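The model shown is predicted, which means the values in this text are computed figures rather than measured ones. First the proteins, then the strands, lettered A, B, ... as listed; each starts at 1.
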Amino acid sequence: MNLKKKKKSYKVKNLSPGTMAYRGKKQTTAISIDIINYNGDSYKREHSNRVEDAFNHKGNDQVTWININGLNNIKEIETIGLHYELHPLTLEDIVNTHQRPKIDEFENHLYIVFKMLYFKDDDQLTKEHVSMIVGKDYILTFQEADGDVFDDLRDRINSTKGRIRMRGADYLMYAILDAIVDNYFSVIEAFGDKIEELERHIFESSTSSNETPNKIQALKQDVLKIRRAIFPLREVINRLDKTDINFLEIKTHDYLKDLHDHIIQVCESIDLYREMVWSLMDMYMTIINNKMNEVMKVLTIMASIFIPLTFIAGIYGMNFDHMPELHTKNGYYILLGAMAVIFVLMLFYFRRKKWL
Amino acid sequence: MNLKKKKKSYKVKNLSPGTMAYRGKKQTTAISIDIINYNGDSYKREHSNRVEDAFNHKGNDQVTWININGLNNIKEIETIGLHYELHPLTLEDIVNTHQRPKIDEFENHLYIVFKMLYFKDDDQLTKEHVSMIVGKDYILTFQEADGDVFDDLRDRINSTKGRIRMRGADYLMYAILDAIVDNYFSVIEAFGDKIEELERHIFESSTSSNETPNKIQALKQDVLKIRRAIFPLREVINRLDKTDINFLEIKTHDYLKDLHDHIIQVCESIDLYREMVWSLMDMYMTIINNKMNEVMKVLTIMASIFIPLTFIAGIYGMNFDHMPELHTKNGYYILLGAMAVIFVLMLFYFRRKKWL
Amino acid sequence: MNLKKKKKSYKVKNLSPGTMAYRGKKQTTAISIDIINYNGDSYKREHSNRVEDAFNHKGNDQVTWININGLNNIKEIETIGLHYELHPLTLEDIVNTHQRPKIDEFENHLYIVFKMLYFKDDDQLTKEHVSMIVGKDYILTFQEADGDVFDDLRDRINSTKGRIRMRGADYLMYAILDAIVDNYFSVIEAFGDKIEELERHIFESSTSSNETPNKIQALKQDVLKIRRAIFPLREVINRLDKTDINFLEIKTHDYLKDLHDHIIQVCESIDLYREMVWSLMDMYMTIINNKMNEVMKVLTIMASIFIPLTFIAGIYGMNFDHMPELHTKNGYYILLGAMAVIFVLMLFYFRRKKWL
Amino acid sequence: MNLKKKKKSYKVKNLSPGTMAYRGKKQTTAISIDIINYNGDSYKREHSNRVEDAFNHKGNDQVTWININGLNNIKEIETIGLHYELHPLTLEDIVNTHQRPKIDEFENHLYIVFKMLYFKDDDQLTKEHVSMIVGKDYILTFQEADGDVFDDLRDRINSTKGRIRMRGADYLMYAILDAIVDNYFSVIEAFGDKIEELERHIFESSTSSNETPNKIQALKQDVLKIRRAIFPLREVINRLDKTDINFLEIKTHDYLKDLHDHIIQVCESIDLYREMVWSLMDMYMTIINNKMNEVMKVLTIMASIFIPLTFIAGIYGMNFDHMPELHTKNGYYILLGAMAVIFVLMLFYFRRKKWL
Amino acid sequence: MNLKKKKKSYKVKNLSPGTMAYRGKKQTTAISIDIINYNGDSYKREHSNRVEDAFNHKGNDQVTWININGLNNIKEIETIGLHYELHPLTLEDIVNTHQRPKIDEFENHLYIVFKMLYFKDDDQLTKEHVSMIVGKDYILTFQEADGDVFDDLRDRINSTKGRIRMRGADYLMYAILDAIVDNYFSVIEAFGDKIEELERHIFESSTSSNETPNKIQALKQDVLKIRRAIFPLREVINRLDKTDINFLEIKTHDYLKDLHDHIIQVCESIDLYREMVWSLMDMYMTIINNKMNEVMKVLTIMASIFIPLTFIAGIYGMNFDHMPELHTKNGYYILLGAMAVIFVLMLFYFRRKKWL
């Protein structure tokens with residue numbers, strides 16, 4: 001194999017299993033903790049930067065949702081993990097932003113990993129690694145940085161009338177996943193628009209720059225990456241629906257089934273767009289060839305008409321002593337006429353070939 | 001990922017699960033309710049715009065089919081849903097026209113979603129989201145708008161001689177699905193004709209416009225979309241055949257198996273057409289290249305014949321003092337003869353190469 | 001979706017399930033019934049056009065094979081169906097020539113659908129829809145029209161020495177299917193020859209007409225259609241081997257397993273040919289490009305050699321007063337020599353580039 | 001379907017099941033029987049042309065391996081088959097060289113079919129149809145013709161020290177299959193070398209003949225055919241490992257598992273080579289296009305430089321009475337200079353475009 | 001099949017099963033044995049070249065890891081194998097470097113084969129065949145040559161604080177596999193960079209050499225080979241997790257599940273890169289065609305402008321006696337003006353076509 005390293009060193013340190021290593025974007029923001037406590041009657045939301053505040057879930061008849069932003073704060077996250085008795089490998093996965101979506105069942109809690117895709121304020125697509133610990137009456141969520149897709153959900157918890165205030169942590173888990181999947185729909189819709197736009201561009205554009213294949217290639221890679229971020233969640237939700245953990249109420253299963261339907265729909269859309277992007281390259285190729293055909297026709301028509309005529313003119317430009325045609329009175333006009341006839345015949349020929 | 005939003009905002013509101021949101025075409029038509037009551041002896045059909053009329057299924061020994069048109073009337077549909085004790089998520093799916101075909105089993109009824117494909121009066125292919133609630137002795141169907149494929153079925157119910165008047169709601173459910181699948185056959189037949197027509201066009205057309213790749217691309221997308229609308233129904237019918245809901249008579253299973261055969265046949269046809277459309281692009285590419293080859297040959301023959309001849313004429317157009325050939329008596333005629341010989345040899349050469 | 005109907009109307013009448021509708025080629029031939037009765041000792045073959053003769057299978061220790069030709073005679077077939085107590089859906093499938101191969105088990109008989117592919121007298125490949133009803137001691141076969149692949153089988157039944165006279169209707173069923181599958185082998189062999197012939201044609205032909213892509217495209221569609229006619233039979237035979245119908249003798253299973261082996265072999269061959277046909281288009285494309293390369297080289301060599309030479313001749317054809325070269329004694333010969341040198345150098349250059 | 005027979009007749013006689021029909025290469029060699037008897041203590045090898053010698057396996061504490069060459073001797077093979085009580089269908093398969101690899105279990109013996117691929121003395125790849133009957137203490141192998149891959153195995157049996165002399169017929173069966181699979185490795189290695197060689201040829205060759213696509217196409221078909229000969233053996237060995245026939249010792253299973261590992265490795269290699277061959281055509285296409293690009297550049301550079309210059313020369317070759325430039329003293333030299341400047345600028349332009 | 005051997009002989013000796021044959025790179029280094037003994041309290045590492053030292057695993061409460069480098073020393077490895085009572089087929093596989101990854105369970109130990117991919121000191125990707133014997137309290141690893149990815153692991157064992165010193169041989173097995181899989185990540189990351197670099201190169205490069213398709217082809221083969229080395233390990237780890245061998249502690253299963261997650265992630269990345277490499281060829285093809293289009297446009301513009309102008313100049317270079325234009329006073333200037341107008345119109349025309 002001729003695969004050879006360049007400059008960069010790919011030798012990684014083989015860390016002890018369970019060692020926490022943050023692999024996301026470099027950032028130095030402090031940890032930010034957001035705590036929501038609610039039941040049918042009460043609602044309280046707090047915000048803190050102190051790790052200890054993440055420990056205080058009441059447990060008495062209330063649901064506690066603790067959201068922790070800032071995976072770069074490894075120490076603090078480890079402290080939280082120890083408090084909630086998380087497995088060392090779980091802690092490793094919480095901060096490893098490359099971890100693929102998965103679900104791990106433990107005796108007292110579930111651990112779910114997924115990717116949050118959303119448009120930030122600058123309308124740039126953002127992919128964030130999110131971990132969720134689901135306990136009997138609490139949920140911990142760990143996010144890479146501030147900004148998420150849960151604002152509508154928080155509003156619904158705040159307002160007293162929603163179903164969510166009547167239900168336990170298992171329903172909250174469902175609601176969080178539902179918010180994630182709902183956002184996937186908007187991401188793939190944006191993707192579909194992007195494809196359509198590029199398709200229109202390909203048909204209308206007249207220049208044959210390398211920009212277009214570049215864009216198609218980028219779209220291909222995007223669809224592959226989005227696919228990879230979303231597809232494993234299908235299996236996660238499927239297994240979640242079949243888990244026999246004790247705090248999952250029966251009526252929540254209806255919602256999980258619905259969620260499963262939705263994620264399948266997302267996956268089908270991705271595969272549809274995938275096929276479309278793949279066939280864009282073919283289509284572009286065809287259009288380039290069509291253009292080249294057009295160019296070749298112009299060249300061929302011009303050359304085929306004027307090269308023979310030039311030859312004839314060349315004949316009568318020769319300096320032979322004895323060229324009787326040159327000395328006839330109307331020779332010049334007769335020749336011009338003959339040339340015009342050839343010209344017209346050629347045009348006629350190319351028209352019959354449908355090249356004009 | 002360089003996916004970036006343009007203009008349009010893709011931020012969707014994450015609605016509470018079970019919230020009904022109509023996502024179909026904008027329309028303002030009022031709800032339209034069509035009620036058919038029948039058994040072996042009697043038949044009655046009513047039409048109404050009042051929601052309350054949808055509640056009145058007799059239940060005594062009669063089958064009631066209530067068809068509701070106009071999914072945009074969310075309030076009215078919710079009222080109906082509450083009367084028939086539908087799950088909030090079912091209500092959400094009834095009006096969500098993006099919902100993929102599926103089947104949900106509840107204690108007292110089945111909920112089936114499918115897509116109705118048919119040609120409207122203007123012969124435009126129409127895709128409609130249809131939901132069906134199947135109870136012990138009633139069926140509710142919800143359609144996006146007026147116009148459907150059930151007219152033949154209604155006629156058969158009306159006439160006394162058909163098998164359908166002897167049977168229960170489960171057979172009516174089968175008959176509705178059968179009407180849907182029968183129409184799929186006509187849609188894919190139209191699709192097949194479209195492919196054949198385009199294929200013929202590709203072979204016969206002489207211009208190399210971008211219209212053809214555009215059409216192929218559109219066909220590709222159509223086949224992918226039809227596929228997506230129809231394929232999940234296969235699984236739905238399969239599961240329907242295996243459901244253990246109590247009101248499904250044993251002899252109806254024979255009909256469901258037959259229906260399953262039919263939907264598989266539709267799916268096989270779609271995949272066949274899919275492969276055909278995919279290979280159209282390849283074929284078109286080949287034909288463009290064939291044409292370019294043709295163009296190149298004309299250019300090459302013209303240039304190869306006349307450029308050398310022009311060169312020779314150029315030689316004797318030079319003004320050197322001492323060019324003895326110019327002063328020979330028959331030099332001019334000898335040269336013309338030589339040129340003619342070259343011309344003929346060239347023609348001969350290209351003929352041997354089979355370019356002429 | 002821009003799918004739009006043209007001229008033809010695709011609105012089909014949604015018929016009542018079990019309604020018999022013949023969808024094969026238009027034909028008006030009367031029904032033709034062929035009855036063979038045999039056991040170890042006796043053999044009798046009758047031919048009739050009267051439906052009632054199809055009812056007379058003796059049942060006493062004999063095997064009766066009733067073959068009915070002419071699916072367009074719907075009434076007569078219905079009469080026969082009623083006599084043998086066939087399910088309405090079975091009757092519908094018998095005359096529906098679009099029905100894909102399948103097997104249905106009933107209490108007293110099996111219903112098997114398959115496609116018969118064979119070369120008619122004019123060597124044209126014919127596809128026929130065949131249905132078979134297998135009872136305890138009788139077999140009914142329904143064919144679209146006269147002409148089939150069972151003549152050798154009938155001869156074997158006639159001659160006393162074959163195994164078939166000792167066995168029951170289940171063995172006859174196997175023998176009929178075996179005759180069908182044996183014929184598939186000859187069809188795919190013909191197909192293989194066709195591919196090879198086209199491949200040879202592509203390599204040898206010099207013209208670049210559209211006829212070749214047309215032929216490749218047609219082969220693609222043929223292989224897809226043959227595949228579709230044959231593949232489902234694999235599943236049919238597999239299920240036949242596993243059926244627990246009471247009149248299937250244990251030792252017949254060995255034969256069914258062998259048949260299953262054969263149909264798998266046919267399917268593998270089809271998929272092999274399929275890959276070959278698909279790669280034909282690629283190969284043809286390559287060959288067109290090779291040809292275009294050839295054409296371009298001729299053009300480039302001719303133009304590259306003579307255009308510069310013509311330019312030089314043009315220089316000395318100018319009419320400047322002061323062009324000393326024109327007046328030297330050997331100027332003309334020196335120039336001709338220089339041109340010859342350039343000509344040779346050019347040839348040398350193109351030879352080194354291996355274009356000549 | 002436009003599939004139509006040419007000349008050759010594809011009508012096959014539908015033979016009675018169990019009828020033996022040799023379908024391999026025409027040959028007239030007599031049957032050749034090779035008998036090896038051995039146990040831990042004794043070893044004896046005999047050779048014969050008489051069918052009766054094939055009957056004499058001692059059975060007392062010895063393993064007998066009877067190898068029969070010459071499948072064209074149908075009568076003799078039938079005689080052997082009757083002696084060993086083989087099923088008629090087994091006999092049919094033994095001589096049917098088109099039969100795909102399979103395993104059939106009977107009460108007292110196993111019947112295994114596989115394909116032997118090996119290089120004959122003239123280094124030509126040979127494919128041979130081999131059948132093996134495995135009984136409690138004997139093995140029959142049937143080969144198309146002389147020459148096989150078992151010589152090393154026979155040597156090992158002959159020498160007293162190998163494991164094989166201590167074990168029964170089941171181990172011999174394993175050893176025979178192992179010899180077959182070992183040889184597959186050498187065949188696919190040869191195939192890999194062939195691909196590499198062709199790849200190198202494509203990169204280095206300068207001519208664009210049709211020989212290369214022809215070779216790639218042939219490789220494609222070879223890989224498909226080898227694949228088809230080898231792949232089913234994977235399933236055969238898998239089923240062999242799971243058979244519950246009584247004479248298969250437990251410790252032989254370890255060896256069968258190892259064999260299964262090997263055949264999977266062969267299959268993986270074949271699929272790897274398959275992908276490589278498929279991408280060869282793409283690569284070749286790219287290289288042709290690269291070459292055409294090269295040709296086009298030469299043409300464009302030559303034409304773009306000399307056509308304008310020729311035009312200028314043409315201007316001053318005109319015969320107008322009043323062309324003042326013609327009469328200036330240095331006009332000619334100035335023009336030559338201007339032409340040189342244009343020439344250099346053009347070169348500069350094409351160099352900047354990186355075409356030179 | 002036209003597959004024919006060249007020069008090289010592919011006839012392999014069919015060796016007795018269990019015969020050890022080293023198939024890796026030729027090397028003559030002596031065997032090198034590295035022994036690590038540890039438990040919670042003690043740690044000792046020894047190095048030796050004597051085979052007998054490999055026998056001395058204490059067994060009393062300690063874990064012994066014996067690493068043997070140098071698979072070419074078949075005799076020595078056989079001696080070790082006999083001491084540890086390894087199956088002959090296991091010994092064969094230990095030295096057969098072509099053996100694919102697999103797991104074999106024996107009564108007292110597990111045998112695991114995998115491929116080690118890593119960058120050697122010269123940054124060249126190295127693939128090594130590694131076998132591992134896992135017993136109750138010892139592990140044997142066999143490597144092709146010196147140099148491996150276990151240095152970090154040895155350091156962790158040496159330092160007293162790691163989890164590994166508290167656990168048994170089963171955890172060591174996990175840690176070894178974890179080190180292997182961790183290194184796969186670095187290899188595929190290097191691969192991803194390689195693809196990106198090539199992609200950038202394709203877009204930026206201006207020459208159309210064959211180097212690029214060569215590189216793409218090489219990448220294709222690399223990705224196929226890496227895939228083949230890594231993918232089977234997925235199944236190995238899966239089966240390892242399900243094995244019921246007695247010395248595998250329950251809490252080690254959590255780690256094995258995590259390992260399974262990681263290997264799936266590696267496999268997904270490989271398939272992602274695979275699709276990217278495959279689409280590189282398409283993209284490159286498009287870019288070549290774009291370039292050719294560019295070249296053709298230059299040629300067409302130059303030829304279309306100057307060929308007609310040259311023709312006009314040719315007209316007035318003719319020597320007819322009566323060409324009145326030649327004798328008008330401003331004929332020359334008028335003609336030059338007319339030519340300039342034609343020139344500008346042509347430029348205008350090509351600009352409107354967006355070719356300029």
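For H98(A), the parts lying under 4.5 angstrom from a heavy atom of chain E are both the backbone and the side chain. In this structure, chain A has no heavy atom under 4.5 Å from any part of F306(E). For F150(E), no part sits under 4.5 Å from any heavy atom of chain A, backbone or side chain. Looking at I315(A), there are no atoms closer than 4.5 Å to chain E (heavy atoms on both sides), in backbone or side chain. Neither the backbone nor the side chain of Y273(E) has a heavy atom closer than 4.5 Å to any heavy atom of chain A. In this structure, chain E has no heavy atom under 4.5 Å from any part of I216(A). Looking at Y316(E), the atoms closer than 4.5 Å to chain A (heavy atoms on both sides) all sit in the side chain, from C-beta outward. With a 4.5 Å cut-off on non-hydrogen atoms, M302(E) does not touch chain A at all.
R100(A) contributes no side-chain N or O that, together with a main-chain N or O of H262(E), makes up a donor-acceptor pair within less than 3.5 Å. Looking only at distances, a side-chain donor or acceptor of N319(E) sits under 3.5 Å from a matching main-chain atom of M318(A).
Residues E275(E) and W278(A) meet the side-chain proximity criterion, which asks for heavy atoms closer than 4.5 Å. Two residues are said to be in side-chain contact when any heavy atoms from C-beta on lie closer than 4.5 Å; S16(A) and I164(E) fail this criterion. Between F203(E) and E211(A) there is no side-chain heavy-atom pair separated by less than 4.5 Å. Contact check for R156(E) versus P17(A): side-chain heavy atoms found under the 4.5 Å cut-off.
The existence of a salt bridge linking K102(A) and D258(E) is confirmed by a sub-4.0 Å separation between a basic side-chain nitrogen and an acidic carboxylate oxygen.
Of all the listed residues (G314(E), S279(E), A303(E), P324(E)), the one sharing the greatest number of non-hydrogen pairs under 4.5 Å with chain A is S279(E). Most heavy-atom pairs under 4.5 Å with chain A, from the set D254(E), T310(E), L153(E): that is D254(E). Note: T286(E) leads T286(E), L299(E), I307(E) in heavy-atom pairs under 4.5 Å with chain A. Per-residue heavy-atom pair counts under 4.5 Å with chain A were compared for L259(E), I264(E), D282(E), D271(E), and the maximum is reached by I264(E). In terms of heavy-atom pairs under 4.5 angstrom with chain A, the leader among A179(E), A313(E), G317(E), A175(E) is A179(E).
Annotation: the span from N214(A) atom CG to M283(E) atom CE amounts to 7.0 Å, rounded to 0.5 Å. In this structure, the separation between CE on M285(E) and CE on M281(A) is 12.0 Å, given to the nearest 0.5 Å.
Interface with chain E: from residues 326-334 of chain A, residues L326(A), H327(A), T328(A), K329(A), G331(A), Y332(A), Y333(A) qualify, criterion being any non-hydrogen pair under 4.5 Å.
Defined by atom type and a distance below 3.5 Å, a donor-acceptor pair is missing between the side-chain atoms of E196(E) and Q221(A).
The nearest pair of heavy atoms linking P232(A) to E268(E) is CG-OE2, 4.3 Å. Taking both residues in full, the closest heavy atoms of N289(E) and M292(A) are given as O-CE, 3.5 Å, listed atom of the first, atom of the second, then distance.
Within 6.0 Å of atom CD in E85(A), 12 or fewer heavy atoms from other residues, nucleotides or ligands are found, so the atom counts as exposed in its surroundings.
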